[in-house]
A.B. asks: 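My questions all concern the structure below.
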Amino acid sequence: MEVRNLTCIGCPMGCPLKVEIENEKVVNVYGNTCAMGVEYAKKECTNPTRIVTSSVFVEDGEIDVLPVKTEKDIPKSKISDCIKCLQGVVVKAPINIGDVIFKNVSNTGINVIATRSISKKSN
């Protein structure tokens, strides 16, 4: 049986978790103070995912760089591919928060969106 030690990020408590894994399945979770700990441990040990944050360049905007993020978490194994997809991306102002900047990044079915609005540069 494999044992992994994690710090839960499901809530602000940051519980130290002990996770027992057998045949690639979580069989026991210890140390959690809420149900989110069990769910976090199962997901982290069987299918870890993350929200990816990055930035892209802006053309004709009041600022030159736009912060972006994935709409939902993506598999950890796709993070590098996601970042590579965003290299060289340039968007034209104006941009609104929530606008889709890159569709279906790395074939995950998840879009990359703007996390702030940028107005067009006034001349």
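Side-chain atoms are counted along with the backbone in the values below, which use heavy atoms only and exclude waters and symmetry mates.
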A.B. asks: Identify the two heavy atoms, one from Val65 and one from Ser55, that lie closest to each other, and give their separation to 0.1 Å.
C.D. replies: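 Closest approach of Val65 to Ser55, heavy atoms only: CG1-CB, 3.5 Å.
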
A.B. asks: Please confirm whether the backbone N or O of Thr108 pairs with a side-chain atom of Ser106, one donor and one acceptor, at under 3.5 Å?
C.D. replies: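 The answer is no, because no donor-acceptor pair under 3.5 Å joins these two groups.
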
A.B. asks: Check Gly10 against Met36 and note the closest heavy-atom contact, atom names and distance.
C.D. replies: O-SD, 3.1 Å

A.B. asks: So, Glu20 and Lys25, do they make that salt bridge, N to O below 4.0 Å?
C.D. replies: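 No.
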
A.B. asks: Regarding Asp73 and Lys43, does a basic nitrogen lie under 4.0 Å from an acidic carboxylate oxygen?
C.D. replies: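 Yes, Asp73 and Lys43 are salt-bridged.
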
A.B. asks: Is the shortest side-chain heavy-atom distance between Val56 and Ile101 below 4.5 Å?
C.D. replies: yes

A.B. asks: Group every Ile, Leu, Val, Met, Phe, Trp and Tyr by side-chain heavy-atom contacts under 4.5 Å, then state whether Val100 and Val112 land in the same group.
C.D. replies: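 They do not share one cluster, since no chain of ILVMFWY contacts under 4.5 Å joins Val100 to Val112.
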
A.B. asks: I'd like to know if the side chain of Thr49 and the backbone of Ile74 have a donor-acceptor N/O pair within less than 3.5 Å.
C.D. replies: no

A.B. asks: Check Gly61 against Ala93 and note the closest heavy-atom contact, atom names and distance.
C.D. replies: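 Looks like CA-CB, 3.5 Å.
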
A.B. asks: Mark yes or no for whether Asn32, through its side chain, and Cys34, through its backbone, hold a donor-acceptor pair below 3.5 Å.
C.D. replies: yes

A.B. asks: Would you mind reporting whether Ile113 and Lys69 have side-chain heavy atoms less than 4.5 Å apart?
C.D. replies: yes

A.B. asks: Report yes if the side chains of Val58 and Val90 come closer than 4.5 Å at any heavy-atom pair, otherwise no.
C.D. replies: no

A.B. asks: Between Glu71 and Lys103, is the salt bridge (Lys or Arg N to Asp or Glu O under 4.0 Å) condition met? List the steps.
C.D. replies: CA-CA 10 Å; Glu71 283 182 305; Lys103 291 184 179 182; over 6 Å; no

A.B. asks: How would you list, by chain and number, every residue that makes a side-chain contact (heavy atoms from CB on, under 4.5 Å) with Cys45, sequence neighbours excluded?
C.D. replies: Arg4, Leu6, Val19, Ile21, Val26

A.B. asks: Can you find a pair of side-chain heavy atoms, one from Cys82 and one from Lys78, that are under 4.5 Å apart?
C.D. replies: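 Cys82 vs Lys78: side chains apart.
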
A.B. asks: Considering only heavy atoms from C-beta outward, does the side chain of Val29 approach that of Lys18 to under 4.5 Å?
C.D. replies: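 With C-beta onward as the side chain, the pair stays apart.
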
A.B. asks: Is it true that Asp60 and Lys121 have a side-chain N and a carboxylate O under 4.0 angstrom from each other?
C.D. replies: no

A.B. asks: Contact between Ser54 and Val68 at the side-chain level, heavy atoms closer than 4.5 Å - yes or no?
C.D. replies: yes

A.B. asks: Flag the pair Val89 / Phe102 as yes when at least one side-chain heavy-atom distance between them is below 4.5 Å, and no otherwise.
C.D. replies: yes

A.B. asks: Using modelled atom types only, decide if a donor and an acceptor are shared between the side chain of Thr115 and the backbone of Pro67 within a distance under 3.5 Å.
C.D. replies: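 Checked: pair present.
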
A.B. asks: Give a yes or no on whether Val38 and Tyr30 share a hydrophobic cluster (residues Ile, Leu, Val, Met, Phe, Trp, Tyr; joining criterion: side-chain heavy atoms under 4.5 Å apart).
C.D. replies: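 Not linked; separate clusters.
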
A.B. asks: Would you say Ile83 and Val52 make side-chain contact, with heavy atoms under 4.5 Å?
C.D. replies: yes

